[in-house]
Amino acid sequence: MSVQETVEHKYVYDFAEGNRELKDLLGGKGANLAEMTNLGLPVPPGFTITTEACKAYLATGAEPDGLAGQIATHLASLEQAMGKRLGDPEDPLLVSVRSGAKFSMPGMMETVLNVGLNDRSVVGLSAQASAGGDQAGADRFAWDSYRRLIQMFGKTVCEVPGEEFEHALDDVKRAKGTPNDLDLDADDLRGLVDAYKKIFFKHTGREFPQSPREQLDLAIRAVFESWNAERAILYRRQERIPADLGTAVNVVAMVFGNLGPDSGTGVAFTRDPASGAQGIYGDYLANAQGEDVVAGIRNTVPLQELERLDKKSYDELLGIMARLEGHYQDLCDIEFTIERGKLWMLQTRVGKRTAAAAFVIAGQLVDEGLIDLDEALHRVNGAQLAQLMFPRFRLDHEFQPVAKGIGASPGAASGKVVFTSARAVELAAEGESVILVRRETNPDDLNGMIAAQGILTSRGGKTSHAAVVARGMGKTCVSGADEIEVNVPQRRFVVGGQTVVEGDVVSIDGTTGKVYLGEVPVMPSEVVQYFEGSLDPEHIDNALVRAVHRIMTHADTRRRLAVRTNADTGADAARARRFGAEGIGLCRTEHMFLGDRRELVERLILARDNAERDAALAALLPLQRADFEEIFREMDGLPVTVRLIDPPLHEFLPPLEQLAVNVAVAQERGEDVAQEEALLAAVRRMHEENPMLGLRGVRLGLVIPGLFAMQVRAIAEAAVSVTRSGAVAKPEIMVPLVGAVQELETVRAEAEKIIAEVVGDSGVEVLIGTMIEVPRAALTAGQIAEAAQFFSFGTNDLTQMAWGFSRDDVEGAFFWRYLELGIFGISPFESIDRDGVGRLVRIAAEEGRAARPGLKLGVCGEHGGDPDSVHFFHEVGLDYVSCSPFRVPVARLEAGRAVVETGGSDSR
């Protein structure tokens with residue numbers, strides 16, 4: 001069956017047959033070569049073998065039927081266009097064989113240049129090159145091209161160790177007394193070809209193939225197979241590129257930048273990919289092939305230098321760059337070669353850029369009328385914005401990391417090492433910057449975490465206590481740095497044979513996870529200064545801040561989702577409001593029971609009768625009320641969702657093992673330990689094998705009389721007090737861990753009586769709803785909605801319970817293996833599992849609203865600030881997402897992008 005008879009089996013396309021819309025089929029490189037060809041730009045002739053051919057080959061281990069014939073047909077057309085035959089001994093056509101997937105994967109897959117050279121055609125290539133009259137230069141060029149083919153083919157196609165070729169090249173240069181490849185003459189390179197052939201034979205057991213078509217076929221197969229190379233798989237996982245796309249293969253007539261001083265190769269950008277500034281950016285290397293630029297064998301010169309070397313080519317290149325940017329309406333990354341004064345375009349693509357450049361360029365293109373604000377919003381993302389919000393190290397000098405953990409909360413922080421929260425608070429009060437170092441953190445460390453510039457732990461992952469709390473506070477955190485041996489009693493840690501004691505300075509990078517000894521200079525974030533109001537975007541000469549302001553303003557006009565924050569203090573609430581939060585979606589009341597109030601909780605737990613319990617609750621009531629008043633005042637006019645106490649009460653008590661040891665030691669000394677013994681008995685009584693599935697949440701409120709009632713009263717009294725002072729309080733009470741509607745009905749009945757008694761005619765309205773975090777709640781949402789005025793999805797616990805994972809344990813234990821095997825593309829605690837947990841959210845949303853039309857729906861788990869998850873919550877139809885204060889701008893941006901990318905016309 002011929003190519004013309006069946007489109008579905010068409011595996012090969014000439015460049016003139018494609019266009020940039022065919023990236024799925026032709027890969028990014030092939031589609032863009034086709035686009036440039038159709039624009040009439042000087043592209044060497046060639047053809048593309050499709051990703052479908054690659055996928056068929058990888059599935060069966062053999063070329064699909066008809067591929068060989070199609071390659072032969074297109075090769076014949078290429079030979080006709082060039083007036084040469086592949087490997088012709090007299091006047092050889094040489095081709096490059098290059099990979100090209102849909103998404104750019106720089107350096108991850110294979111390329112083979114100069115395919116078609118052999119012992120006979122190398123002579124013909126020399127004769128062809130000597131047309132300029134320089135026979136010695138032509139000979140050198142031909143043998144240099146041949147040695148490059150053997151080297152690349154051997155390493156890429158036949159897995160010959162690349163260092164053996166490098167060693168042989170070094171030996172020849174050493175014998176010649178030069179460090180420079182260009183000083184080798186034709187005889188040197190002819191000898192090097194012989195040495196390379198011997199290396200090839202030693203590792204393959206065969207002579208280097210002399211058949212040009214065999215070289216081509218083997219190179220094509222090698223490119224197919226490189227799709228599943230270890231480095232390509234790792235890169236795809238890192239960049240979240242699907243594993244089933246395959247790569248296209250581009251076969252292109254060779255043009256030579258190594259024909260002499262009037263030839264060369266280079267890379268150009270239509271704007272600065274680092275800053276977004278307009279201008280001429282790139283590198284050029286005379287008398288070189290493309291891999292020389294990448295390999296750094298010789299120092300390149302700035303692209304502007306080409307104007308002096310070859311003004312004609314330079315001017316032509318600038319014209320093409322302007323044309324490509326206008327055509328693609330974006331920053332373009334261009335590879336080119338000049339062959340004896342003739343400019344050839346080898347590749348273009350929409351260029352990768354830094355986060356700062358992404359925002360600046362998007363704003364510039366709007367100003368230039370190339371794109372509108374919707375498209376500008378589409379071209380940036382929340383991950384980029386998050387990068388811009390955190391301080392970063394200025395690594396002007398050589399700083400070598402001593403350890404590497406998980407970049408749990410981005411940013412850069414330096415300070416004196418401390419090993420206890422008390423010491424962190426003490427030094428911070430003296431004006432010192434500190435890094436809190438622990439094996440792992442717990443709620444008792446909160447004050448120290450607040451005081452510290454950053455947190456470093458030797459255990460844990462991205463959703464460990466340290467990581468979650470640090471992100472919520474905008475603190476830099478590196479977790480799971482297991483090379484570090486932390487010794488808290490001796491106040492030191494050991495890493496790589498070096499001992500770091502309390503008071504020594506370390507620096508941690510929460511983006512890369514790297515840990516440095518000593519202080520590394522830090523650059524503050526201008527974007528955070530803008531969000532906090534200290535930079536006016538209308539009156540500052542800062543292109544980045546202006547661009548962020550412009551795009552964020554547009555995102556806010558486009559988004560449907562409201563964005564709230566998770567905040568437990570007035571200070572957090574105030575900061576989140578400056579960052580654009582439209583309320584609080586999660587105020588955790590358990591954080592209000594720590595520190596000095598722990599003694600009151602112990603009194604509550606140790607109460608021997610109702611009177612003692614009521615006294616403990618009465619002591620807690622004014623403290624809780626004052627906390628809520630502060631938060632309601634800061635969020636004046638905006639809703640505040642308060643979650644009633646959720647974790648098991650024993651979390652507020654000393655650990656069982658520690659307490660037992662303390663009591664035993666005190667008894668041995670003959671000390672009075674009656675109070676401690678009572679506490680130990682209570683801890684033992686409350687001990688649970690799996691406390692996350694035990695007495696917590698709504699169960700606490702039902703089992704311990706007066707606990708929830710005290711909290712409800714504190715909330716209502718605070719709301720009335722704030723309202724009477726002239727502000728507006730909008731409290732929403734959230735009952736956690738509900739699994740059955742009867743639980744919520746019981747708590748709500750008691751709460752409504754208290755609210756009615758307290759609120760009176762104040763005009764305060766208090767909503768009562770629940771957190772959907774138990775799978776059963778999601779599956780019975782229709783029933784629960786009859787008793788709930790709102791749902792808030794607690795996706796952290798919902799993920800934990802749906803998967804059967806203990807969040808505190810599994811990340812370090814086996815998540816790395818799941819990611820390595822491709823079971824996870826990303827941790828389900830980091831980005832929502834759409835198929836499983838997401839389906840529970842969808843079911844609950846649909847059935848809840850069917851039972852109660854207009855039911856308010858939100859999410860307050862960590863996923864509320866994850867860019868991909870925000871898009872999912874938009875699709876499902878939630879009303880708001882809630883996240884830590886520093887993630888509020890990210891959620892605002894992604895909520896706007898969700899509307900634009902689904903083609904929606906919603907605006908707020």
Run the side-chain contact (heavy atoms from CB on, under 4.5 Å) test on T270 and M321 for me, step by step, so that the C-alpha distance in whole Å, both residues' side-chain angles and the decisive distance to 0.1 Å come before the verdict.
CA-CA 6 Å; T270 56; M321 289 168 63; 4.0 Å; yes

One pair to check against side-chain contact (heavy atoms from CB on, under 4.5 Å): S96 and V252. What are the steps and the verdict?
CA-CA 5 Å; S96 63; V252 190; 3.6 Å; yes

L343 and F336: CA distance, side-chain angles, deciding distance, side-chain contact (heavy atoms from CB on, under 4.5 Å) verdict:
CA-CA 7 Å; L343 177 66; F336 66 93; 3.7 Å; yes

Could you check T265 against I338 for side-chain contact (heavy atoms from CB on, under 4.5 Å), going step by step and ending with a plain yes or no?
CA-CA 6 Å; T265 189; I338 298 172; over 6 Å; no

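The structure places CG of L26 at 8.0 Å from CG of N19, a figure rounded to the nearest 0.5 Å. Here the CG-CG distance, from N258 to D181, works out to 11.0 Å after rounding to the nearest 0.5 Å. To the nearest 0.5 angstrom, L149 atom CG is 11.0 Å from R147 atom CZ. Taken to the nearest 0.5 Å, the OG1 atom of T37 stands 6.0 Å off from the CZ atom of F15. From H74, atom NE2 reaches atom CD of E79 across 13.5 Å, with rounding to the nearest 0.5 Å. Of the inter-residue distances, the one linking D244 atom CG with L58 atom CG reads 11.0 Å to the nearest 0.5 angstrom.
Side-chain contact between Y284 and E305 is absent, with no heavy atoms from C-beta onward closer than 4.5 Å. Side chains of V97 and N250 form no contact here, defined as non-hydrogen atoms less than 4.5 Å apart. Two residues are said to be in side-chain contact when any heavy atoms from C-beta on lie closer than 4.5 Å; V115 and P212 fail this criterion. With contacts defined as side-chain heavy-atom distances shorter than 4.5 Å, the pair R148/L113 does not qualify. V402 places none of its side-chain heavy atoms less than 4.5 Å from the side chain of Y516. You'll find the side chain of I71 stays beyond 4.5 Å of the side chain of V251, heavy atoms only. By the 4.5 Å heavy-atom criterion applied to side chains, T50 and V12 are not counted as neighbours. I49 places a side-chain heavy atom less than 4.5 Å from the side chain of I220.
Judged by distance alone, the side chain of T247 and the main-chain N or O of G100 form a donor-acceptor pair under 3.5 Å. Of the possible polar contacts, none joining the S313 side chain to the D310 backbone as a donor-acceptor pair under 3.5 Å is found. Not one N or O on the side chain of E335 forms a donor-acceptor pair closer than 3.5 Å with the backbone of V267. Listed for the Q304 side chain is a donor-acceptor partner under 3.5 Å among the backbone atoms of I280. Under the 3.5 Å distance criterion, the side-chain polar atoms of Q210 are matched with a main-chain donor or acceptor of D119. Of the possible donor and acceptor atoms, none in the side chain of R349 sits under 3.5 Å from a partner among the backbone N and O of C332. For Q215 (side chain) and G116 (main-chain N/O), a donor-acceptor pair under 3.5 Å exists by modelled atom type. Side-chain atoms of N32 come within 3.5 Å of backbone N or O of T348 as a donor-acceptor pair. Judged by distance alone, the side chain of W227 and the main-chain N or O of A243 form a donor-acceptor pair under 3.5 Å. Proximity of a side-chain donor or acceptor of H327 to a complementary backbone N or O of R323 within less than 3.5 Å is not detected.
Stacking of R271 on the aromatic ring of Y281 is not recorded, the 6.0 Å distance cut-off and the 45° axial limit not both being met.
Not a single side-chain hydrogen bond (donor to acceptor under 3.5 Å, both in side chains) links D14 to another residue, sequence neighbours left out. Under the salt bridge (charged side-chain N to carboxylate O under 4.0 Å, His left out) criterion, D183 pairs with no residue at all, not counting sequence neighbours. Remark: F201 engages E207 in a side-chain contact (heavy atoms from CB on, under 4.5 Å) (not counting sequence neighbours). By the side-chain contact (heavy atoms from CB on, under 4.5 Å) test, A72 pairs with R213, sequence neighbours left out. With sequence neighbours left out, S145 forms a side-chain hydrogen bond (donor to acceptor under 3.5 Å, both in side chains) with no residue at all. Remark: R353 engages D330 in a salt bridge (charged side-chain N to carboxylate O under 4.0 Å, His left out) (not counting sequence neighbours). Contacts of E17 classified as salt bridge (charged side-chain N to carboxylate O under 4.0 Å, His left out), with partners at least two apart in sequence or in another chain: K10. Scanning for salt bridge (charged side-chain N to carboxylate O under 4.0 Å, His left out) contacts around K176 gives D185, D188, with sequence neighbours left out. For D139, the side-chain contact (heavy atoms from CB on, under 4.5 Å) test picks out S126, Q135, A186, with sequence neighbours left out. Remark: E307 engages no residue in a side-chain hydrogen bond (donor to acceptor under 3.5 Å, both in side chains) (not counting sequence neighbours).
For Q80, the CD atom is loosely surrounded, since the number of other residues' heavy atoms within 6.0 Å does not exceed 12. More than 12 heavy atoms of other residues, nucleotides or ligands lie within 6.0 Å of NZ in K342, so this atom counts as buried by the packing criterion. The number of heavy-atom neighbours closer than 6.0 Å to CD of E214, taken from other residues, nucleotides and ligands shown, is above 12.
Using the six-membered ring where Trp is involved, Y818 and F815 have ring planes that are parallel, under 30° apart on the 30 and 60° scheme. Classification of the F200-F153 ring pair by plane angle, with boundaries at 30° and 60°, yields tilted.
Nearest heavy-atom pair, A253 versus L78, reported as atom, atom and distance to 0.1 Å: CB-CD1, 4.2 Å. Nearest heavy-atom pair across Q384 and A355 is O-CB, 3.4 Å. Closest approach of F256 and T337 over heavy atoms only: C-CG2, 3.8 Å.
At a threshold of 4.0 Å, the pair E35-K29 does not count as salt-bridged, since none of the basic side-chain nitrogens sits closer than that to a carboxylate oxygen. Comment: K311 engages D315 in a salt bridge, judged by a side-chain N to carboxylate O separation of less than 4.0 angstrom. A salt bridge does not link D509 with K514: none of the charged nitrogens is closer than 4.0 Å to a carboxylate oxygen.
Looking at E159 and H203, their side chains never bring a donor and an acceptor atom within 3.5 Å of each other.
The six-membered or imidazole ring of Y13 lies away from that of F47, with a centre-to-centre distance of 6.0 Å or more.
Residue pairs that meet the side-chain hydrogen bond (donor to acceptor under 3.5 Å, both in side chains) test with at least one member in residues 83-92, sequence neighbours left out, are D91-Q128. Sorted by first then second residue, the ring pair (Phe, Tyr, Trp, His ring centres under 6.0 Å) pairs that include residues 154-192, not counting sequence neighbours, are F165-Y196.
Of the residues E63, E225, E52, the one that meets the side-chain hydrogen bond (donor to acceptor under 3.5 Å, both in side chains) test with Y57 is E225.
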